[in-house]
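For reference, the structure discussed in these notes is given below.
Convention: sequence-line order gives letters A, B, ...; per-chain numbering from 1. In this text, all values refer to a predicted model and were calculated from it rather than measured experimentally.
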Amino acid sequence: MTIEELEQIAESVRLENAKFDYEVNVCMDLACASQGADKLREALVQAAAASGKSILVRKTGCMGPCSAGPLVKVDEDDTLYSHVKAENAEAIVSSLGGTPVPELQCELNEHFDKQVRVVLENAGHIDPEKIDDYISRDGYKALMIALIEMTPNGVIHRITESGLRGRGGGGYPTGLKWSTVAKAGGDLKYVVCNGDEGDPGAFMDRSVMEGDPHRVIEGMAIAAYAVGASKGFIYVRAEYPVAVARLTTALREARRRGLLGNNIGGTTFNFDVEIRLGAGAFVCGEETALIASIEGRRGTPKPRPPYPAVSGLWGKPTLINNVETYANIAPIVRNGGKWFADMGSERSKGTKVFALTGKIANTGLVEVPMGIKLREIIEVIGGGVPDGHTFKAVQTGGPSGGCIPADMLDIGVSYDALLKVGSIMGSGGMIVMDDTSCMVNVAKFFIEFCMTESCGKCIPCRAGTAQMHSLLTRICEGVGTMDDLELLEDLCSTVKEASLCGLGQTAPNPVLSTLKYFREEYMEHIQHKRCPAGVCKIEAPAEVLA
Amino acid sequence: MSDAVEVKTLIIDGEEVSALRGQTILEVARENDINIPTLCHLEGLSDVGACRLCLVEIKGSNKLLPACVATVFEGMEVSTNTERLQKHRRMILEMLFAERNHICSVCVSNGHCELQALGQEQGLTHIRLPYRNPELNVDASHERFTVDHNRCVLCTRCVRACAEIEGAHVWDVMGRGINSIVITDLNDEWGSSTCTRCGKCVQVCPTGALFDKSKIGSDHPKYPDFLPYLNLMREAQ
């Protein structure tokens with residue numbers, strides 16, 4: 001495979017597509033599929049056949065605004081239809097070539113105008129099960145450029161120049177990580193993709209793996225070339241069967257096209273990827289636990305150093321990056337580091353995909369440039385809090401993150417700014433809460449999650465989260481005391497500072513941030529035996545106890 | 001020159017000490033009679049850094065490092081007993097005492113227990129945390145030994161001694177988080193497991209969780225010091 005051959009494939013796809021007068025893309029991601037996208041697609045195919053027009057009906061990955069699903073995009077002029085049902089198929093088909101169907105048109109212009117799509121550039125345009133679709137949109141071109149025109153150091157330099165930071169949550173500079181692994185000695189090195197996305201309310205990585213699997217594989221191959229590895233693993237949680245199936249298909253097609261395997265692109269570079277399934281443990285998203293799990297051992301973390309970059313899989317230097325990080329690689333190699341660094345804020349470059357969920361009008365995936373104000377994401381892109389309720393807080397970073405109150409919405413989204421207000425960027429889940437949420441109960445929910453997902457290896461995380469959970473339960477039941485609150489704060493400090501891995505070290509964040517910004521709610525529960533939001537069931541009324 | 005012995009000098013609690021490259025902070029501290037409390041660490045076994053009692057402060061870093069696995073570097077300044085560390089150590093011990101059912105007065109290890117000794121050493125006078133009082137099993141199916149999960153602190157010394165020294169790997173950990181438990185084989189009874197009856201696990205257990213049936217009352221001191229000797233002799237072979 002050479003760049004010329006890639007272009008031939010792209011050309012033939014274009015010729016193939018040109019045989020059709022119209023292209024109709026149907027989003028087949030989980031959210032749309034659960035609302036009947038399957039039937040809709042069949043109806044569109046039938047309607048297309050009956051109409052006599054020449055129409056290509058394509059199934060694609062997630063287009064973004066899941067709450068408006070099922071979504072249909074007509075490629076000719078990018079008309080987006082929302083809430084489409086099978087009955088509407090004929091109307092859409094007959095409108096092709098004329099004016100779009102007005103009552104189905106998606107009115108989310110502001111939602112899309114504010115977004116910048118890098119990771120999701122192919123979402124809604126390609127069939128994830130067809131490698132040629134990906135190639136026709138510059139797919140694998142970056143790998144060929146890297147292999148044929150660049151040295152491994154040149155690739156690392158370009159990534160460093162881009163300022164890309166790890167998208168899994170920690171925000172470690174990707175270029176620095178790559179150069180560390182590249183400098184590590186030894187012939188055998190590994191490249192691992194962390195697809196063990198487990199934060200409640202986060203589904204960015206799933207959408208990328210399902211909607212554009214080749215993008216991840218291409219990113220890994222470029223990484224392997226840069227650091228000198230010949231073997232890769234994608235660690236995907238078993239709860240993502242569609243992602244596993246799509247990746248399996250993608251790997252098979254990439255091998256058949258000679259984009260994986262030996263002598264890729266006619267060079268001496270060899271690389272292949274295997275899929276490993278997670279068995280349902282959240283902690284396996286932590287890199288040392290993930291390594292243990294791939295090796296076939298119990299998924300528990302190890303103290304670092306040594307870092308995986310020095311001693312990882314089977315003691316060999318190992319590069320571990322998140323799905324979204326790899327998904328950023330190909331565009332950076334294609335367009336240059338400066339192109340990427342021009343987007344975003346000073347210390348957080350590029351774009352970030354967020355999964356908007358909770359009490360917000362437009363739930364779904366959004367990709368925004370770093371540095372955008374939280375308020376813009378929630379009020380403009382997300383469409384604000386629906387049903388006349390008022391916004392209370394947004395939880396970023398999943399169980400490791402914190403709750404950010406309304407008066408802090410004007411901070412720009414970046415790794416440092418979020419850390420400063422007591423939350424983290426995390427993998428990109430954003431859960432919006434309105435006045436019907438009790439913040440004590442929210443903190444209890446996240447601590448319960450960490451408690452059940454703790455591996456049990458170190459004492460602070462194992463016993464500390466369980467103690468925090470029982471104290472929070474007491475407060476929610478209206479039997480908590482001020483002593484309990486003090487003890488809770490002491491526990492937070494020890495669990496945060498003394499735990500072995502990131503799971504324990506960040507587990508107190510939801511409690512700490514709600515204590516910081518919503519302390520009065522805790523006081524209401526403790527002193528007046530009252531839940532302001534009416535969520536916690538406190539049996540005795542305030543008067544009786546007072 | 002890469003094979004040459006590299007000596008590092010560092011400061012632990014204000015005292016200048018020397019170390020070899022690759023030595024852990026704990027090793028160097030113990031050589032110099034500086035006490036760092038440990039529970040999951042045992043000389044002769046691999047280290048897991050799980051109990052977090054040996055956390056120390058390094059000047060210039062806000063992160064606390066486990067002394068049992070953190071290696072020394074030139075010019076390092078270590079503090080092993082600051083107020084912050086003492087607070088965390090007491091809290092961790094409180095968590096352990098409240099986690100299961102540790103009742104010293106009826107325990108075979110009373111007076112010989114490492115958990116008890118750590119509590120005394122760290123000045124633990126009472127437990128503020130609510131006791132969890134879990135209902136846990138006692139497995140007395142083995143002809144010589146008993147495991148009482150009520151007293152287990154999940155230090156995994158038995159697991160490591162069985163796998164690394166005896167080479168049998170009968171013990172392992174099952175379950176997650178607060179529900180973790182040590183098991184023999186695939187959660188079989190100890191008596192019908194593939195146990196070689198060597199008794200090393202009993203000797204390395206820091207509490208009364210694993211004990212010899214032939215001992216009565218609290219007359220059950222343990223002798224975990226044979227491990228370094230055993231390792232040394234094996235290396236010599």
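- The neighbour count for K316(A) NZ, taken as heavy atoms of other residues, nucleotides or ligands under 6.0 Å away, does not exceed 12.
- The shortest distance between side-chain heavy atoms of I178(B) and T465(A) does not fall below 4.5 Å.
- The nearest pair of heavy atoms linking G456(A) to S180(B) is CA-OG, 3.7 Å.
- The greatest number of non-hydrogen atom pairs below 4.5 Å with chain B, out of R304(A), E453(A), R474(A), is found for E453(A).
- Interface remark: of the candidates T156(B), V69(B), L96(B), L96(B) forms the most heavy-atom pairs closer than 4.5 Å to chain A.
- Of residues 49-59 of chain B, those residues lying under 4.5 Å from chain A by any heavy-atom pair are G49(B), A50(B), C51(B), R52(B), L55(B).
- Here the CG atom belonging to D490(A) is positioned 4.5 Å from the CE atom belonging to M91(B), to the nearest 0.5 angstrom.
- Residue-environment remark: CZ (R347(A)) stays at or below the threshold of 12 foreign heavy atoms within 6.0 Å.
- In this structure, the portion of S499(A) lying under 4.5 Å from any heavy atom of chain B is its backbone and not its side chain.
- Between R176(B) and G280(A), the shortest heavy-atom contact is NH2-O, 2.8 Å.
- Atom-to-atom distance recorded for K496(A):NZ and L64(B):CG is 12.5 Å, nearest 0.5 angstrom.
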**Asked** For Q467(A) and E94(B), what are the C-alpha separation, side-chain angles and deciding distance, and is it a side chain to side chain contact (heavy atoms under 4.5 Å, CB included)?
**Response** CA-CA 11 Å; Q467(A) 290 286 0; E94(B) 276 192 60; over 6 Å; no
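- Open room surrounds NZ on K302(A); 12 or fewer heavy atoms of other groups in view lie less than 6.0 Å from it.
- With values rounded to the nearest 0.5 angstrom, L487(A) atom CG is found 5.0 Å from L129(B) atom CG.
- For the options G175(B), P66(B), A70(B), C155(B), heavy-atom pairs under 4.5 Å to chain A are most numerous at G175(B).
- Inspection of non-hydrogen atoms places R84(B), K87(B), H88(B) of residues 80-90 of chain B under 4.5 Å from chain A.
- You'll find the side chain of M95(B) stays beyond 4.5 Å of the side chain of R462(A), heavy atoms only.
- Within a 6.0 Å radius of CD in E43(B), other residues, nucleotides and ligands contribute 12 heavy atoms or fewer.
- Ranked by heavy-atom pairs under 4.5 Å with chain B, the first of C450(A), A466(A), P306(A) is A466(A).
- The distance from the CG atom of L154(B) to the SG atom of C458(A) is 11.5 Å, given to the nearest 0.5 Å.
- With a threshold of 4.5 angstrom between heavy atoms, V153(B) approaches chain A through N, CA, C or O but not through any side-chain atom.
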